[in-house]
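Report on the following structure.
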Amino acid sequence: MIIKGRGYCCSKSGVKVSKPTIDDQKRYRKLDTRTSCLACIYFNADKEGKNWEVTKFVEEHNHPLASENDKHLLRSQRSISNAQASLLKNMTSVGIRTTDAYNFLVDEVGGVENVGFSKTDAYNFVQRERKALIDSGDAMSLSNILRERQSEDNMFSYDIQTDEMNRLISFFWIDGRSKIDYDCFGAVIIFDTTYRLNKYNLACAPFIAVNHHMQNVFVGGAFIATETIESFCWVFETFLRFVGGKQPITIFTDQDQAMAVSIERVFSNTRHRLCQWHISKKAPSKVPAFNHDRCIRSLFYNCMSKCDSEVEFENSWSDMIRRGNLGENRWLQDLFKVRMKWSTAFNKERLDLGILSTQRSESANNVLHGCSKATSSLVECYLGLDKLTSSWRRSEHEEDFRCKHGSVTLKYSDCLLLKKVSKIYTRKCYSLFEQSFMDGVVGVCIVEESRLTDERILYVLQHSDIANNVKQWFVPFHPTNYDADCSCRGFQTRGILCKHILRVYNHKNVTQLPEKYILRRFTVSAKKDVYRFKTASQDDFDSNLVFRSHMMRFTYDLTRRVEDCKIAREYVLSAMNDIAKKSDEILEHDEKVKNGLFPDNQTDKGNVRDPPAMRRKGRSNNRPKSHWEKPTQRKSKKLVFK
């Protein structure tokens, strides 16, 4: 066996570097490191590899050797260890720039000469890792990841929509945890498509709900190529198919006509609400009077969220139009036609949790902003959202731990009602309840009390703001079962009793909150109770799909709760075996043996091709040029004849 070395003959050897040249095509040409150095060494070794003999050795070099301080610049001396590779991969995957990750490693080891590789090596390594994710194509790699997730999670569902050339144009996914979260907290959904990916111009469309800690919950996500009625209908229908056909009570979106038509078609029982933030942002440019007339601007914001009735809205709107002479404003005319979608005065009977905008989806957009570069792939964007979902779930788990192993500090320690409620609600929901209680006790006065014909007592309450504007509310109260209703409809919209009812409760010394006024979605045991209160006698279980979906969620949630306890696992397995035997006996008796316990999650699309690369209007994927790189046009000198 012969081992031969040429050029890089020892640790201190180097090569002569030629000077860079500049041409019209490239600013810098690749450095030529070959100098035809004849320095080499030849070995002969026996078969066992123990005895080595030098047969040829040329010591002279035709270039200067590298010094001890420059050893780390040699290619033969540079390598990335497994620990460094893992650290680079993890840091860049969470959004840290490659240069920052490299500088961190340099600071850890005390200088670039000790890190073992150059910054270029770090960039090359990160780029190789990104290419490895989409080795079989961007869309096909994403399809493989989704298929792998489905094999690990039986409740994971996804679907892909392709065009006539089998190119990916839309895809949707939802995992088992998201399905359970939707069952528990899916009454109010936020759907936002304001962020687009730069490479394929796909719109990111996450479905976001709010859990019992008032935190964001990811309950499904989609990427769509075109924001058309057909695309939105496909996304909404796929979402409903995977969640068992259960429609949300309220869905918040931005002002998109195609989205509005799709929601009306698919979510027929859902109240569509528009984001007030987008409306208020457009208002100053659409109505110039808002910029200089404070009174008109105040009336407009009153119409958005401070009117307690439709009559009050109509009066405020008419006053605003009259004061500003805005009867011919086309934008206000169009906005008035859809007033039921953005004004809270027309949505007093639908649960909305006090949400007024789609700003809760901004954290998802921030993640996409970090990974959506001109070279970002679909896989990177999907993994970025998946990591965001994991971080949300960790925050929820931490808050669950605090609620179970801690107690809330009461501001009114002598109030029995607050003591009992603090043990039922989560910490965040209790703070909202306590604040509502304090606002009622301190800021609301009972001005009148009269008896109704059905043994109820009608209380008239009033409150005056800083501008001495007095408002009145009416609360019928039953002294026996503590039933109460308020004209502000705060409980119907927020799910927590309003300050007016709590003011009456405090006046009547009510120490026990009625069960009907405690929504399970706000309690500590929200996820445990969601299936406990469902029975097979419900009408919803007439559908095989709904029953199948319910049972899968129930067993999935039960499995996650008992997986860390050996005794609980053995008990569940034993009970499930008994249930299976008894079920077989019933099926044999009734001759109704049915196959296909799990719904088909995905039809194989074959070899899915990448979506067509598109560039957004008004934005270039090229690196912006500096002042010195921009071409300058010389001004021609004019000849002046005297």
Reported [atom1]-to-[atom2] distance for the pair [X] and [Y], which is rounded to 0.5 angstrom:
| X | Y | atom1 | atom2 | answer |
| --- | --- | --- | --- | --- |
| T493 | I355 | OG1 | CD1 | 11.5 Å |
| N154 | D175 | CG | CG | 12.5 Å |
| I180 | F185 | CD1 | CZ | 10.5 Å |
| I263 | R271 | CD1 | CZ | 12.5 Å |
| I496 | C429 | CD1 | SG | 5.0 Å |
| L383 | T389 | CG | OG1 | 11.0 Å |

Lys/Arg cation over aromatic Y182: K246, 6.0 Å, 45° cone: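 K246 over Y182 ring: yes.
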Does NZ or CZ of R297 come closer than 6.0 Å to the centre of the six-membered ring of F300, within 45° of the ring's axis? no
Under 3.5 Å, side chain of [X] to main-chain N/O of [Y], donor-acceptor pair present?
| X | Y | answer |
| --- | --- | --- |
| N347 | R350 | no |
| S262 | A258 | yes |
| T250 | L351 | yes |
| R521 | V210 | yes |
| W342 | L335 | yes |
| N103 | T99 | yes |
| D163 | R167 | yes |
| E312 | D308 | yes |
| S357 | C275 | no |
| N329 | K286 | yes |

Should the heavy atoms of other residues, nucleotides or ligands under 6.0 Å from [atom1] of [X] be counted, would the total exceed 12?
| X | atom1 | result |
| --- | --- | --- |
| E349 | CD | yes |
| H397 | NE2 | no |
| E152 | CD | yes |
| K348 | NZ | yes |

Ignoring hydrogens and angles, state whether a donor on the side chain of S231 or T226 is under 3.5 Å from an acceptor on the partner side chain. yes
Pair R147, N144: side-chain N/O donor-acceptor within cut-off below 3.5 Å: yes
Looking only at heavy atoms, what is the nearest atom pair of [X] and [Y], with distance?
| X | Y | result |
| --- | --- | --- |
| S178 | I174 | CB-CG1, 3.6 Å |
| T344 | Q276 | CG2-NE2, 4.0 Å |
| S395 | Q215 | O-NE2, 3.7 Å |
| T426 | T523 | CG2-O, 3.6 Å |
| V219 | I208 | CG2-N, 4.2 Å |
| T193 | A205 | CG2-CB, 3.6 Å |

4.5 Å side-chain heavy-atom contact, [X] and [Y]:
| X | Y | value |
| --- | --- | --- |
| S316 | C307 | yes |
| S157 | T238 | no |
| M304 | Y301 | yes |
| D100 | M91 | no |
| I145 | Y382 | yes |
| W392 | L388 | yes |
| F236 | M259 | yes |
| C233 | R265 | yes |

Do [X] and [Y] sit within salt-bridge range, that is, some charged N less than 4.0 Å from a carboxylate O?
| X | Y | result |
| --- | --- | --- |
| K527 | D183 | no |
| D334 | R330 | yes |
| R393 | E396 | no |
| E314 | R339 | yes |
| D159 | R241 | yes |

Apply salt bridge (Lys or Arg N to Asp or Glu O under 4.0 Å) to D386 and R149, showing your working. CA-CA 11 Å; D386 191 58; R149 288 287 305 275; 3.3 Å; yes
Does the separation of the ring centres of [X] and [Y] fall below 6.0 angstrom?
| X | Y | value |
| --- | --- | --- |
| F191 | F252 | no |
| W317 | F336 | yes |
| H272 | F267 | no |
| W234 | F232 | no |
| F346 | F313 | yes |

side-chain contact (heavy atoms from CB on, under 4.5 Å) assessment of R427 paired with H213: CA-CA 7 Å; R427 298 196 314 156; H213 302 296; over 6 Å; no
Can T270 and I249 be said to form a side-chain contact (heavy atoms from CB on, under 4.5 Å), step by step? CA-CA 5 Å; T270 301; I249 297 176; over 6 Å; no
Set out, in order, the CA-CA distance, both residues' side-chain angles and the distance that settles ring-ring contact (aromatic ring centres under 6.0 Å, His included) for F172 and Y158, then state yes or no. CA-CA 5 Å; F172 176 88; Y158 76 97; over 10 Å; no
Using side chain to side chain contact (heavy atoms under 4.5 Å, CB included) as the criterion, point out the one residue from L519, D400, V524 that pairs with H212.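 By the side chain to side chain contact (heavy atoms under 4.5 Å, CB included) criterion, H212 pairs with just one of L519, D400, V524: D400.
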